[in-house]
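Data first, discussion second: the structure below is written as structure tokens.
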Amino acid sequence: MDEHIQADELKSWDNEAQALDDNVRHLVAISAMASANRTSSIATVAQRRLDQLDQTSEKAFFIQQTREAILKMSCLMGTPKSINALTSLMSLVGPNSDLAQELANFPALRSQANYSYDQMRARGQDLFDGIYGRHAVTVEGKLRSLYPDLAEVVMVDCYGRLLGETRYLDGRDTELCAIGSLVPQDVPSQLKSHCLGAARMGATDEMVQAALRLAKLICTKRP
């Protein structure tokens, strides 16, 4: 086991985040670890979940979900941390393994042929409105007042291309991962927005609180 993660730490994560299902609990934990720059431990956490799964197809689905979570969180924690997190994760997948072959069957989700710019913007707007509710117009206006290009990038690239892709990680679980990613960054305003957004996407209060507790545990246990 990774020297930075002890068995009692992993058990405490389970105890504090029982409201989250097993996959989501690990996804939130990995999102928090990536954001806190504990990327060397991500392979250990992911391997723990893989060891709990029996079928190669289940393992591949979890890896795909994790890749999606890390990629999506790049718009919150930055691309370098996402690259490092994905490097740690994919070290678990041998190049000629059954798991690698199963992963190769997953389609590309964001190729140029998939969606037009207008479709991406509409998808982003729908998600943005769903997360921010009655405050969406105000928040978008604030972004646009800071820099019009910022509002457009957030709507099209962050919410449209990244966060709005839900085939392997739906809006609710994406928002729970966002909570995990934001806790280590000490950005209370954004964290509050995404806690509310998770609820608007269908998360219960227990799930939101579990994600918060889990991410805070990971921060306090940082080596």
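Just so you know, these numbers use all the heavy atoms, side chains as well, and skip hydrogens, waters and symmetry mates.
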Could you check whether any side-chain N or O of T56 sits under 3.5 Å from a backbone N or O of D98, counting only pairs where one atom can act as donor and the other as acceptor? no

Would you say M207 and R172 make side-chain contact, with heavy atoms under 4.5 Å? yes

Are L163 and M201 connected into the same hydrophobic cluster when the rule is that any two of I, L, V, M, F, W, Y join if their side-chain heavy atoms are below 4.5 Å apart? yes

With sequence neighbours left out, what residues match N84 under side chain to side chain contact (heavy atoms under 4.5 Å, CB included)? T39

Determine yes or no for a side-chain-to-main-chain donor-acceptor pair under 3.5 angstrom, with T66 supplying the side chain and F62 the backbone. yes

Note: R144-E140 ion pair, threshold 4.0 Å (strictly below): yes

M73 to T174 - nearest heavy-atom pair and separation: CE-O, 3.8 Å

Would you kindly confirm whether L169 and M120 end up in one hydrophobic cluster when ILVMFWY residues are joined by side chain heavy atoms under 4.5 Å apart? no

Partners meeting salt bridge (charged side-chain N to carboxylate O under 4.0 Å, His left out) with R48 (sequence neighbours left out): D14

Cluster check L162, L143: I/L/V/M/F/W/Y, side chain < 4.5 angstrom: no

Closest heavy-atom pair and its distance - Y115, L109: CE1-O, 4.5 Å

With hydrophobic residues grouped by side-chain heavy-atom distances under 4.5 Å, do L182 and L196 end up in a single group? no

Please determine whether residues L76 and I83 belong to a single hydrophobic cluster, defined as Ile, Leu, Val, Met, Phe, Trp and Tyr linked transitively by side-chain heavy-atom distances below 4.5 Å. no

Set of residues satisfying side chain to side chain contact (heavy atoms under 4.5 Å, CB included) with respect to S91, sequence neighbours excluded: A43

Would you say Q52 and D22 are linked by a side-chain donor-acceptor pair, where the criterion is simply a distance under 3.5 Å? no

Taking NZ, NE, NH1 and NH2 as the nitrogens, is one of them in E9 or K11 under 4.0 Å from a carboxylate oxygen of the other? no

Centroid-centroid distance, F61 to F106, less than 6.0 Å: no

With a 4.5 Å limit on heavy-atom distance, are the side chains of I42 and L86 in contact? no

Sequence neighbours excluded, the answer for salt bridge (charged side-chain N to carboxylate O under 4.0 Å, His left out) partners of R67 is none

Only counting residues at least two apart or in another chain, list the ones meeting ring-ring contact (aromatic ring centres under 6.0 Å, His included) with Y132. F128

Could you check whether any side-chain heavy atom of L191 comes within less than 4.5 Å of a side-chain heavy atom of Q185, counting everything from C-beta outward? no

Just distance, no hydrogens or angles: give the donor-acceptor pairs under 3.5 Å from side chains in residues 150-158, sequence neighbours left out.
residue : atom : partner : partner atom : Å
E152    : OE1  : R121    : NE           : 3.3
E152    : OE1  : R121    : NH2          : 3.1
E152    : OE2  : Y117    : OH           : 2.7
E152    : OE2  : R121    : NE           : 3.0

With a 4.0 Å cut-off, would you call R123 and E165 a salt bridge? yes

So does D149 have more than 12 non-hydrogen atoms from other groups sitting under 6.0 Å from CG? yes

Could you tell me whether the side chain of I179 reaches within less than 4.5 Å of the side chain of C195, counting heavy atoms only? yes

